[in-house]
Amino acid sequence: MTATETPEAAPVPPTERLHAPVLAWFEQHARDLPWRRPEAGAWGVMVSEFMLQQTPVSRVLPVYEQWMARWPRPAALAAEAPGEAVRAWGRLGYPRRALRLHGAAVAITERHGGDVPSDHAQLLALPGIGEYTAAAVASFAYGRRHPVLDTNVRRVFARAVTGVQYPPNATTAAERRLARALLPDDEATAARWAAASMELGALVCTARGEDCGRCPIARACAWRLAGKPAHDGPPRRGQTYAGTDRQVRGKLLAVLREATAPVPQAALDAVWHDAVQRARALDGLVADGLVEPLDGGRYRLPSA
DNA sequence: TAAACGTGGCC
DNA sequence: TGGCCAAGTTT
């Protein structure tokens with residue numbers, strides 16, 4: 001309690017202190033991203049959500065534009081070989097997302113008449129769509145009221161409301177309750193809030209370094225008010241890396257993406273010295289449906 | 001629940 | 001230099 005607060009002021013629900021400032025800030029500072037424009041449609045929103053999973057906006061932008069120009073509707077992508085989706089995915093990473101997006105396009109074409117469903121449960125049933133993406137598409141594309149709990153929102157809530165620097169490694173029931181409690185009652189406002197709170201985490205309240213001077217809710221932020229205590233819980237989950245199968249898979253798939261004709265075994269053998277690991281990685285790619293083995297020890301991206 | 005799953009830029 | 005981080009999903 002500070003001297004600047006008027007004694008007669010009625011207790012303000014926490015949500016009231018967050019919604020208006022964040023929404024006003026978003027109005028002023030929201031990025032003009034292509035998937036936020038009306039012409040993107042639900043399919044554009046969905047494509048962007050697949051690409052943005054664990055991938056920065058800057059790297060998604062060019063691939064998104066090419067993708068939408070080539071496959072403006074789900075049916076267009078569904079008509080292609082899945083390997084074409086993997087090829088167009090380029091170096092975005094996690095290429096299984098491309099396969100799943102293709103699979104989702106096929107399912108949408110078969111089950112939903114070619115239109116991206118607006119129902120959360122129907123979205124969730126599509127390959128590659130989990131809790132977050134289903135809520136994001138329903139909210140951003142159709143204005144539905146869903147808690148959209150991505151890494152940005154979780155960090156904003158952890159700081160502003162819970163008063164800790166970082167959220168737990170895995171999304172908890174408490175976080176879901178909080179997100180639900182903070183969701184504005186009005187449907188259109190809820191959708192706006194979802195985008196706004198996410199944008200705040202992406203632009204101002206970031207993992208690397210928060211910029212409280214630009215934060216619309218700095219005065220109400222529990223973490224800042226507590227003196228920004230350092231993260232204390234279990235270590236934040238790191239990502240395994242170099243030397244793993246992932247790296248080998250990436251190198252193998254890069255060769256196949258560039259090739260226009262089936263690739264002989266020898267071309268793949270050249271990308272990694274360890275034959276055992278190389279074979280394991282290739283087997284994994286085949287098992288995942290990212291690579292199609294042909295007779296004569298040749299390989300290509302999946303044709304079906 | 002934890003681990004696997006790509007890639008590249010930043011500090 | 002290299003660990004951290006980026007609009008997660010699946011098994």
Side-chain angles (χ1 to χ4, degrees), chain A residues 26 30-31 33-36 40 44-64 86 89-101 103-104 123-141 146-156 165-173 175 179 191 194-203 205-210 231 234-257 271 277 280-281 283-285 287-291:
Chain A
F26 186 59
R31 290 168 292 180
L33 301 170
W35 43 87
R36 285 178 175 167
V45 171
M46 184 174 144
V47 168
S48 76
E49 290 303 334
F50 269 77
M51 293 182 173
L52 288 164
Q53 290 168 5
Q54 301 285 282
T55 308
V57 167
S58 60
R59 288 182 35 222
V60 166
L61 285 170
V63 183
Y64 172 85
V86 174
W89 199 254
R91 306 189 66 77
L92 278 186
Y94 291 148
R96 287 191 289 198
R97 291 181 293 167
L99 221 44
R100 289 170 181 155
L101 180 52
L123 286 164
L124 200 53
L126 297 172
I129 294 190
E131 183 181 344
Y132 160 76
T133 303
V137 172
S139 182
F140 302 157
H146 291 286
V148 178
L149 209 46
D150 80 319
T151 187
N152 289 306
V153 175
R154 294 180 61 219
R155 186 175 53 252
V156 169
Q165 185 176 20
Y166 295 119
N169 281 331
T171 304
T172 63
E175 287 183 277
S197 54
M198 194 179 304
E199 190 79 335
L200 186 61
L203 298 183
C205 192
T206 66
R208 290 225 180 262
E210 68 286 353
H231 176 74
R236 312 197 64 211
R237 197 161 79 75
Q239 303 174 90
T240 54
Y241 66 83
T244 63
D245 288 1
R246 282 159 87 167
Q247 188 176 12
V248 186
R249 287 166 57 108
K251 288 181 177 297
L252 291 170
L253 205 56
V255 172
L256 293 166
R257 273 200 312 266
V271 307
Q277 187 175 27
R280 187 173 63 229
D283 284 349
L285 287 169
D288 289 345
L290 283 164
V291 171

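Letters go in sequence order (proteins before strands), and every chain restarts at 1. The shown structure was predicted, so the numbers you read here are calculated from the model rather than taken from an experiment.
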Could you tell me how far apart [X] ([atom1]) and [N] ([atom2]) are, to the nearest whole angstrom?
X      : N     : atom1 : atom2 : value
A/D150 : C/dA6 : CG    : C1'   : 11 Å
A/L124 : C/dT9 : CG    : P     : 9 Å
A/Q53  : C/dG8 : CD    : C1'   : 5 Å
A/Y64  : C/dA7 : OH    : C1'   : 14 Å
A/N169 : C/dA6 : CG    : P     : 13 Å
A/K251 : B/dG6 : NZ    : C1'   : 12 Å
A/L61  : B/dG8 : CG    : P     : 16 Å
A/D245 : B/dT7 : CG    : P     : 13 Å

dist A/Q53:CD -> A/Y94:OH (nearest 0.5 Å) comes out at 10.5 Å
Could you state the interatomic distance from CZ (A/F50) to CG (A/L126), rounded to the nearest 0.5 Å?
-> 7.0 Å
Nearest to the side chain of [X] - [options]?
X      : options              : answer
A/R236 : B/dC5, C/dA7, C/dC5  : C/dC5
A/R100 : C/dT10, B/dG6, C/dA7 : C/dT10
A/R257 : B/dT7, B/dC5, C/dA7  : B/dT7
A/T133 : C/dG8, C/dA7, B/dC5  : C/dG8

Polar atoms only, N or O, under 3.5 Å: list the protein pairs with nucleotides 9-11 of chain B and their distances.
| from | atom 1 | to | atom 2 | distance (Å) |
| --- | --- | --- | --- | --- |
| B/dG9 | N2 | A/R208 | NH2 | 2.8 |

Any donor-acceptor pair under 3.5 Å between the side chain of A/T151 and the base of C/dG8?
-> no
Do the side-chain N or O atoms of [X] get closer than 4.0 angstrom to the phosphate oxygens (OP1, OP2) of [N]?
X      : N     : answer
A/Q54  : C/dG8 : yes
A/R249 : B/dG6 : yes
A/R155 : C/dA6 : yes
A/R91  : B/dG8 : yes

For A/A170 and A/R97, take the nucleotide of DNA chain B holding the closest heavy atom to each; which residue's nucleotide lies nearer the 5' end?
-> A/A170
Taking the [atom1] atom in each of [N] and [M], what is the distance between them to the nearest angstrom?
N      : M     : atom1 : result
B/dA3  : C/dC4 : P     : 15 Å
C/dA7  : B/dA4 : P     : 23 Å
C/dT11 : B/dG6 : P     : 14 Å

Name the nucleic acid region contacted by [X], choosing base, sugar-phosphate or nothing; use a 4.0 angstrom heavy-atom cut-off, strictly under.
X      : result
A/L92  : base
A/L33  : base
A/A136 : nothing
A/W89  : nothing
A/G130 : sugar-phosphate

